[in-house]
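Because the structure is predicted, anything quoted here is derived from the model rather than measured. Values below: all heavy atoms of this structure, side chains included; hydrogens, waters and symmetry mates excluded.
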Amino acid sequence: YFEAYHSIAVHRQDNDPHSAILFVDDIILLSREINAVPLLVVSLVQSAMIYAKIGDHTTSDDRLSEAIMLAAPRHIFQPFIAEDTTLSSLMRNIVDKSDREEFDLLARKFVRRCAELVSQRRRDDCVEREQGLLTIRELDVIVALSDGLSNKRIARRLNMTPHTVKFHLKNIYSKLN
């Protein structure tokens, strides 16, 4: 029942996001009633993406934060590492906010681990596509760059100097023409 209901919400997300919100909110309510935490986490993530799509970023952040707080102690990573670009963007925002908001240490580590898993998936995809053309470290730089980070933030994320980031970018550009 819940999976069918959730599928309807996902389908309606593109066609009628307001209707999808009603469906997902019902799933969230029922998940809470029966204490189905994994389903609740998936539904909260789905809800966050729908709210972001309609421009309600406050509710989107709240839903995603609640999902993180529920998922972190249970190590429920899968809903957060989807290929969806909207979710990747929302997770980047949460990563940026997690250092200065109410997240506890476990939630911060969880968010960072999700970001690492997404980066690892992208890096693995790049390795398959490029068949070894770029080094792993160059792929790390590309993934961070695709996350919208500046050279300085890439350097911080990858524990290197900004000069080293520029060096890797120069090599990447020359290898990829």
Side-chain angles (χ1 to χ4, degrees), residues 2-3 6-7 9-10 13-14 24 27-28 31 36-53 57 59-160 162 164-165 168-169 172 176:
F2 285 114
E3 288 178 21
H6 196 274
S7 295
V10 170
Q13 174 181 333
D14 294 328
V24 174
I27 296 170
I28 290 169
S31 299
V37 176
L39 182 60
L40 178 57
V41 169
V42 169
S43 300
L44 287 166
V45 170
Q46 185 67 39
S47 176
M49 292 182 353
I50 297 168
Y51 276 107
K53 183 174 185 160
H57 298 288
T59 304
S60 175
D61 286 351
D62 290 346
R63 294 286 172 105
L64 193 56
S65 295
E66 182 181 355
I68 289 166
M69 297 302 283
L70 289 168
R74 295 166 180 85
H75 305 285
I76 302 172
F77 292 102
Q78 194 59 40
F80 300 94
I81 59 173
E83 293 297 321
D84 189 281
T85 55
T86 301
L87 183 56
S88 294
S89 173
L90 294 174
M91 288 298 291
R92 275 196 307 274
N93 291 339
I94 293 294
V95 167
D96 291 341
K97 292 177 181 179
S98 70
D99 287 331
R100 58 183 190 272
E101 287 200 356
E102 73 283 349
F103 285 131
D104 61 16
L105 181 60
L106 180 63
R108 284 189 194 113
K109 285 182 179 180
F110 178 82
V111 169
R112 288 193 181 94
R113 181 66 182 135
C114 287
E116 290 169 6
L117 290 170
V118 169
S119 293
Q120 181 65 43
R121 178 181 281 172
R122 287 181 186 163
R123 185 171 48 238
D124 291 348
D125 290 347
C126 286
V127 168
E128 289 174 13
R129 281 195 304 269
E130 298 301 330
Q131 298 179 3
L133 179 63
L134 301 174
T135 67
I136 295 297
R137 206 58 173 155
E138 290 167 343
L139 291 171
D140 289 338
V141 170
I142 287 175
V143 168
L145 192 63
S146 73
D147 285 339
L149 299 179
S150 67
N151 288 3
K152 191 181 273 188
R153 289 185 60 106
I154 292 170
R156 269 189 259 145
R157 179 189 278 185
L158 300 177
N159 295 319
M160 60 176 67
T164 304
V165 172
H168 284 306
L169 287 171
I172 291 165
L176 299 179

Worked check of salt bridge (Lys or Arg N to Asp or Glu O under 4.0 Å) between Glu66 and Arg63: CA-CA 5 Å; Glu66 182 181 355; Arg63 294 286 172 105; 5.2 Å; no
Between CD on residue Gln78 and CG on residue Leu117, distance to nearest 0.5 Å: 9.0 Å
Nearest-0.5 Å distance that lies between atom CG in Leu106 and atom CZ in Arg113: 13.5 Å
Value rounded to 0.5 Å, distance of CD1 in Ile142 from CD1 in Ile172: 4.0 Å
Closest non-hydrogen atom pair between Val24 and Gln46, with its separation: CG2-CG, 4.0 Å
Partner set under ring pair (Phe, Tyr, Trp, His ring centres under 6.0 Å) for Phe110, not counting sequence neighbours: Phe77, Phe80
Minimum heavy-atom distance Val141-His168, with the two atoms named: CG2-CB, 3.9 Å
Side-chain donor/acceptor of Ser60 to backbone N/O of His57, under 3.5 Å: no
Flag side-chain contact, heavy atom, 4.5 Å: Val165 against Leu158: no
Exercise: identify the closest heavy-atom pair between Val45 and Pro79: CG1-O, 3.6 Å
Cationic N near anionic O, under 4.0 Å, Asp147 to Arg157: yes
Inter-residue atom distance Ile76.CD1 - Leu39.CG, 0.5 Å rounding: 10.5 Å
Least distance between heavy atoms, Ser47 atom then Ile28 atom: CB-CD1, 4.0 Å
Ile27 versus Ser43, closest heavy-atom pair with distance: CG2-OG, 2.9 Å
Non-hydrogen atoms of Ala72 and Ala107 that approach each other most closely: CB-CA, 4.1 Å
Close side-chain approach of Leu169 and Leu145, heavy atoms under 4.5 Å: yes
Gap separating the CG atom of Asn151 from the OG1 atom of Thr164, nearest 0.5 angstrom: 11.0 Å
